[in-house]
Amino acid sequence: MNENYLNELNPVQRSAVMQTDGPVMIIAGAGSGKTRVLTYRIAHLLNHGVSAFSILALTFTNKAAREMKERIHHIVGSTESANLWMGTFHSVFARILRFEAEKLGYPSNFTIYDTDDSKSLIKTILNEMGLDDKIYKPSLVLNRISGAKNNLISAQQYLSMREITEEDRLSGKPKLGLVYQAYETRCFKASAMDFDDLLFKTNVLFKNYPEVLYKYQDKFRFIMVDEYQDTNFSQYLIVKKLAARHLNICVVGDDAQSIYAFRGANIQNILNFERDYPELKMFKLEQNYRSTKTIVEAANAVISKNKAQLRKVVWTDNNPGERIKVMLTASDNEEGAMVANQIFEQRMQNQMPYKDFAVLYRTNAQSRALEESLRKRSIPYRIYGGLSFYKRKEIKDLLAYFRLTINPNDEEALKRVINYPARGIGKTTLEKIIVAADEKGVSIWNLISALQEYDVVKGAAVRKIVDFVNMIRSFRHNLESTDAFVLAMNIAKSSGLLKELNADKTPEGISRYENIQALLNGIQEFVETKPESEDEVQERTLDVYVRDIALLTDADEDDEKDAEKVSLMTIHAAKGLEFKSVFVVGLEENLFPSQLSLNSVEELEEERRLFYVAITRAEKHLVLSHAETRYRWGQITHAEPSRFIQEIDQSLLEYNEPPAKKGFLDFSDDFDSYAGFKKRPAASAFQAKAEQSGSYTRRGTSESPATAAAQKKEISNFIPDNLNNLQSGMEVIHEKFGKGKVLQIDGRNSERKATVFFQEVGQKQLLLKFAKLKIIG
DNA sequence: CTGTCCTCACTTTTT
DNA sequence: GTGAGGACAG
């Protein structure tokens, strides 16, 4: 047997790979070859005669699973890897739930509600219960329900738990438990499960049907869980139960990279693991192969500020590399320009392809300014996350028709399309139907497909509803006999959706039409490909295609054609990835760390771990940037540098100059001034180069960016008295730009800005609250 | 019942 | 700056 692959591992990695029996915990620092260990471990099992069907590997994304399968396939050189049970918790247990659905009273083709569906259903329920959705904010209600489910608290239990109901009463939402109960009932009636149900119901299944649990315990002789630090209680319990028979359970995680506590992940699970399996073997992967010494040291310094952590020492043999650059820009737009400029330069200097670059941010909303700047410089990029393809309105509309065809009880799908394209079934009619269905205890579909029996709708609407029902019925009739593509195309046409979209010739309308085409093409592709594994369903029907689409995310898409692009994503989405050059942008108080995290130490520590994850994505080059002003909720806001920057040892950093030279609203295409850096406190080669090129001028004062920002803040909320009377035509003098003439005044109060033509530097826009203008005539 | 215009709330992070 | 939802007119 060829076991050469074992030589590619360091001693600890090798021991972890070869320790296949019994409980194993692998604490894997960032960049320590965790994925390598996991894949080799599975390959090792396969090489030793273990059947792929008896290995369960739970990963964090579908993409990670797919990549791992490929690598395993490469090592073992057989197609056996396709038979591994490998995927996210959600997709693996959705699959099991479909097998066992009838035990829970669900059909096997149940719908998976995504977050939008859930919220929409909650809104409907609030409406029916006469509750104010300003108090019972749907997203909040859903969070609460989700939290309950992740801790395995059913609606019934929720209502009977004193503490919880008391909590809700105190927060002014005493009916929350009832909403949860109604939500659960409605999901069941719609034959739908939400994301949390996939885990919750799996637990119910295993608890109420010991023989089913036994079956899967027997099947999965070897279980592996990646990113264990991000599992919640519900997931923890599933794993614990499944592993109870063979005890061959291996979890891999890094407490320093736990960033999903907000959705119920529990670092406690790592500690529980030690408690549950006292005889466990523990391996610590501490050598970092990914990043330069500088980056590793910076990351260690940051994470050491956290109180809650497991002891481990991440170290590296790699070169020190260059210092981490800290960039201050005047605005978010300039930050984008700086990033674009830096990418351009680094690429030229180091011969790096675009795919080596990533720009990471805290919130999706930050991507806009970055996109614009990259576009201006013609730098190709790809955005991960944000509005995924499957979340676009037109795609959701067509998918809703598919969903309704497969499962007509799907209430959310029905509400979405019953009057789209418009067919004269209005709001009043729909509301009547929904209320009546709820009263009679039947699904909406049951009611409208037997409309004569229920006397709720009169007049012209009856005919229209009957037509709609007949249309859906005709789709259903072809569900099993027709392949997915033919049926999908038929639905797109007969529903009128294609026609509706085609009629819209605006650029957005054309794009929507193209998206529909893309979806249909995807379905055709699906029909033409053979299923990979032996126990996968063989039919290529629409039912199979739509099955787990709610579980797909952007990150799961194949991106061969996107190979030569810069990646833009949230830090959360960057988890598990690595890039030669990384930009972490928006390092400002109230943004990163988020202002919502400042209430508790726990949340702040999670933000810090998030920063740790961001830093450790970088192999060679790392730039941290922050801006003095930033557009947020449509307004310019002032920003101070993030505390996280100060937590890095200053000797590892290299600062650029504060942006003193330019006006705050000057987004000119002159990128040159960003090329220069100044190291602090000592001079560097970088500085010499910058000074040579004369690309920046030193300010008279030697204040740090932080104090400069603080001073700015003091004056940020009012406009100096002498400028209140500023009018167009006046002559002014500016400390940097010299003499100029006011052309125009816009905005009001603190947002007032002047367009000024300066003799020396041309036209500039200046915010009056910042610009120190003197009126001279 | 449909379409348009206006207001307002929104920004964590994701399966 | 944006998207969803409400008010109002046709």
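Here is the naming used below: chain letters follow the sequence lines, and residue numbers restart at 1 for every chain. No experiment lies behind these values; they were computed from the predicted model shown.
Contact check, A/N62 against B/dT15: no side-chain N or O comes under 4.0 Å of OP1 or OP2. An OP1 or OP2 oxygen of C/dG5 is reached within less than 4.0 angstrom by a side-chain nitrogen or oxygen of A/K123. Side-chain nitrogen and oxygen atoms of A/T115 include none within less than 4.0 Å of the OP1 or OP2 phosphate oxygen of B/dT15. OP1 and OP2 of B/dA9 both lie 4.0 Å or more from every side-chain N or O belonging to A/K137.
Candidate nucleotides B/dT14, C/dG5, B/dT2 were compared by shortest atom distance to the side chain of A/A573, and B/dT14 ranks first. Closest approach to the A/L596 side chain among B/dT12, C/dA4, B/dT15 is made by B/dT12 (side chain taken as heavy atoms from C-beta onward). When each of B/dT11, C/dG1, B/dT14 is scored by its nearest atom to the side-chain atoms of A/R368, the top-ranked nucleotide is C/dG1. Nearest to the side chain of A/K134, among B/dT15, B/dA9, B/dT12, sits B/dA9. Comparing B/dT13, B/dT12, B/dT15 by their nearest atom to the side chain of A/R263 picks out B/dT15. Distances from the side chain of A/H90 to the nucleotides B/dT15, B/dT11, B/dT14 place B/dT15 closest. For A/T429, counting side-chain heavy atoms from C-beta on, the closest listed nucleotide (B/dT15, B/dC1, B/dT13) is B/dC1. Side-chain proximity of A/E607 to B/dT12, B/dT2, B/dT11: nearest is B/dT12. In this structure, of B/dC1, B/dT2, B/dT13, it is B/dT2 that holds the atom nearest to the side chain of A/N419. Listed nucleotides: B/dT15, B/dT14, B/dT12. Nearest to the side chain of A/T88: B/dT15.
One interatomic measurement links the two molecules: NZ of A/K391 to P of C/dG3, which rounds to 16 Å at whole-angstrom precision. Here the P atom of nucleotide C/dG5 and the CG atom of A/L126 are 13 Å apart, to the nearest Å. Between A/I571 atom CD1 and B/dT11 atom C1' there is a gap of 15 Å when expressed in whole angstrom units. Atom CG of A/L142 is separated from atom C1' of B/dT15 by 12 Å (rounded to the nearest Å). Note: OH (A/Y228) to C1' (B/dT15) measures 18 Å, nearest angstrom. One can place CG of A/L360 at 14 Å from P of B/dT13, the figure rounded to the nearest angstrom. In this structure, A/L430 places its CG atom 15 Å from C1' of B/dT2, rounding to the nearest Å. The distance between atom CG of A/N599 and atom P of B/dT12, rounded to the nearest whole Å, is 12 Å.
Ring centers of A/H572 and A/F262: under 6.0 Å apart, within the cut-off.
One finds no salt bridge joining A/E372 and A/R375 here, because no Lys/Arg side-chain nitrogen approaches an Asp/Glu carboxylate oxygen to under 4.0 Å.
In this model, a donor atom of one side chain and an acceptor atom of the other lie less than 3.5 Å apart for A/S600 and A/E603. With 3.5 Å as the limit, one finds no donor-acceptor pair spanning the side chains of A/S597 and A/S594. For A/E100 and A/Y106, the side-chain atoms include no donor-acceptor pair closer than 3.5 Å.
Applying the ring pair (Phe, Tyr, Trp, His ring centres under 6.0 Å) test to pairs two or more places apart or on separate chains, none has a residue in residues 126-153 of chain A.
Taking atom P in both C/dA4 and B/dT13, one finds a spacing of 16 Å when rounded to whole Å.
Cation-pi geometry between A/K396 and A/Y390 is not met: the NZ or CZ atom fails to fall both under 6.0 Å from the ring centre and inside 45° of the normal.
Nearer to the 5' terminus of DNA chain C, by closest-nucleotide assignment, is the contact made by A/W633 (compared with the other of A/K427 and A/W633). Along DNA chain B, the nucleotide nearest to A/S139 and the one nearest to A/F195 differ in position, and the one closer to the 5' end is contacted by A/S139.
Note on A/Y260: only backbone sugar-phosphate atoms sit closer than 4.0 angstrom, heavy atoms only; bases stay farther off.
Between the side-chain ring of A/F262 and the base of B/dT13, a stacking contact exists by the 5.5 Å and 30° definition.
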